[in-house]
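Below, read A as the first sequence line, B as the second, and so on, with proteins coming before strands; counting in each chain starts at 1. Only a predicted model underlies this, so the values are computations on that prediction, with no experimental measurement involved.
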2 protein chains.
Amino acid sequence: MKTPIKKFRKYIDDNNLQVTRQRIDIAGVFLESRRHLSVDELYELLRNRGISAGRATVFRTLKLLNKSGVADEVDQGDKVTRYEVKTEDTHHDHLVCTVCDSYIEVYSSQIEEMQEKLCAEHGFKPSSHRLDIFGICLKCSKKKGNKKCI
Amino acid sequence: MKTPIKKFRKYIDDNNLQVTRQRIDIAGVFLESRRHLSVDELYELLRNRGISAGRATVFRTLKLLNKSGVADEVDQGDKVTRYEVKTEDTHHDHLVCTVCDSYIEVYSSQIEEMQEKLCAEHGFKPSSHRLDIFGICLKCSKKKGNKKCI
DNA sequence: TTTTCATTTGAATATGAATTTCAATTTCAT
DNA sequence: ATGAAATTGAAATTCATATTCAAATGAAAA
Ligand SMILES: [Mn+2]
Ligand SMILES: [Mn+2]
Ligand SMILES: [Zn+2]
Ligand SMILES: [Zn+2]
């Protein structure tokens with residue numbers, strides 16, 4: 001319904017925050033790159049495009065995007081927090097390759113339903129979940145001297 | 001089949017490591033406490049029992065227990081790594097309460113099967129997975145001024 | 001536009017868990 | 001018991017995350 005950038009601007013409005021060049025730039029690059037990005041990765045992406053913004057600002061803007069419901073935190077098992085664009089209806093889980101770090105986004109309504117049922121059985125009110133399956137992706141299991149795939 | 005402590009000792013043997021008082025004590029307390037424990041929590045548990053062991057040793061021993069297949073890493077969403085005892089056949093997932101930090105251990109063979117299927121569809125070879133559902137536990141959703149449950 | 005004042009920025013600093021260092025201690029095969 | 005090798009643990013380091021604070025910027029008022 002509402003585009004991510006509008007959601008972000010609404011959040012800024014609702015919370016008496018200000019629209020700054022950095023926030024627009026950072027949100028822009030984040031939103032168009034459809035990947036899982038860490039603070040540092042996004043910071044580098046911005047630099048490569050000649051956009052200046054401090055790490056601290058990138059960090060804070062990602063938190064803002066998260067709070068405004070535009071970005072989801074993802075944790076690939078290594079120890080850095082990444083973010084991905086969250087659009088209305090695209091919850092998904094991940095198959096993460098432990099060899100090349102690539103990931104496949106998957107969704108199974110059956111698994112989702114089973115989860116609801118599981119929670120109900122325990123009187124537990126779910127608000128979010130995270131399902132990550134770690135293993136070896138197709139490309140990596142084919143090549144012997146396995147290096148980066150993607 | 002094989003008791004956790006035996007597994008641990010076998011790992012020590014197989015890798016030319018040594019059986020030390022600290023390793024025995026740390027493994028002992030870890031194995032009998034059936035909880036998710038961080039390095040610091042286990043360190044404190046040991047102190048409370050008058051067992052002396054440095055944090056570094058607790059840290060290293062938990063890594064050893066993990067490598068020897070006796071301990072699993074768990075991540076409750078806060079930023080500290082915890083470990084839990086891994087016994088042969090007790091893989092499980094978690095319902096984590098975001099109010100009181102308690103957790104319920106759950107298992108659904110149907111969900112597990114669906115995961116296998118999902119992986120197969122993508123030619124992905126799973127080796128492990130992590131399913132955590134965050135939300136509010138029964139106790140917490142009952143009490144209004146909600147504080148710690150457990 | 002100019003003034004005013006709160007918000008934001010970002011380099012530097014702090015924090016804290018995870019990890020490593022290294023001298024002293026302990027283990028264990030001989 | 002001896003000695004080489006492994007282990008310990010206090011302290012230091014690393015590294016991502018988070019905060020500080022003076023300068024810069026945004027936006028509302030004058
Ligand atoms: Mn994703
Ligand atoms: Mn558990
Ligand atoms: Zn899901
Ligand atoms: Zn499972």
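Checked by distance alone, R60(A) brings a side-chain donor or acceptor within 3.5 Å of a matching partner on the base of dG10(C).
Of the two residues contacting DNA chain D, namely Y43(B) and I12(B), the nearest-nucleotide position lying further toward the 5' end is that of I12(B). Along DNA chain C, the nucleotide closest to A56(B) and the one closest to K79(B) are compared, and the more 5′ of them pairs with K79(B). For the pair Q18(B) and K63(B), nearest-nucleotide mapping onto DNA chain C gives the more 5' position to K63(B).
With rounding to the nearest 0.5 Å, the separation of CD in E84(B) from CG in L37(B) is 10.0 Å.
Per the geometry, CZ belonging to R82(B) stands 12 Å off C1' belonging to dA17(C), to the nearest Å. Straight-line distance from the CZ atom of R21(A) to the P atom of dG26(D): 9 Å, rounded to whole Å. Atom CZ in R55(A) sits about 11 Å away from atom P in dT17(D), given to the nearest Å. Across the protein-nucleic acid pair, I24(B) atom CD1 and dT26(C) atom P stand 17 Å apart, rounded to whole Å. In this structure, CG of D13(B) is placed 15 Å from P of dA6(D), rounded to the nearest angstrom. D78(B) has its CG atom 13 Å from the C1' atom of dG16(C), to the nearest Å. Atom OH of Y83(A) and atom P of dA16(D) are 14 Å apart (whole Å). Protein atom CG of N16(A) is 10 Å distant from nucleotide atom P of dA28(D), rounded to whole Å.
A sub-4.0 Å separation between OP1 or OP2 of dT8(D) and a side-chain N or O of R23(B) is present. Contact check, T20(B) against dT8(D): a side-chain N or O comes under 4.0 Å of OP1 or OP2.
Nearest to the side chain of F59(A), among dA18(D), dG9(D), dA17(C), sits dA18(D). Closest to the V39(B) side chain, of the nucleotides dA16(D), dA18(C), dA27(D), is dA18(C).
Judged purely by atom type and a 3.5 angstrom limit, D75(A) uses its side chain to pair as donor or acceptor with the backbone of G77(A). Side-chain atoms of Y103(A) come within 3.5 Å of backbone N or O of H36(A) as a donor-acceptor pair.
Within a 6.0 Å sphere centred on CD of E44(B), other residues, nucleotides and ligands contribute more than 12 heavy atoms.
Nucleic acid contact class of T81(B) (heavy atoms, under 4.0 Å, all strands): sugar-phosphate only. Among the protein residues, Q22(B) comes within range of the sugar-phosphate backbone only, with heavy atoms under 4.0 Å from sugar or phosphate atoms but none that close to a base.
Checked options R55(B), R82(B), R47(B); the residue passing with D40(B) is R55(B) (criterion: salt bridge (Lys or Arg N to Asp or Glu O under 4.0 Å)).
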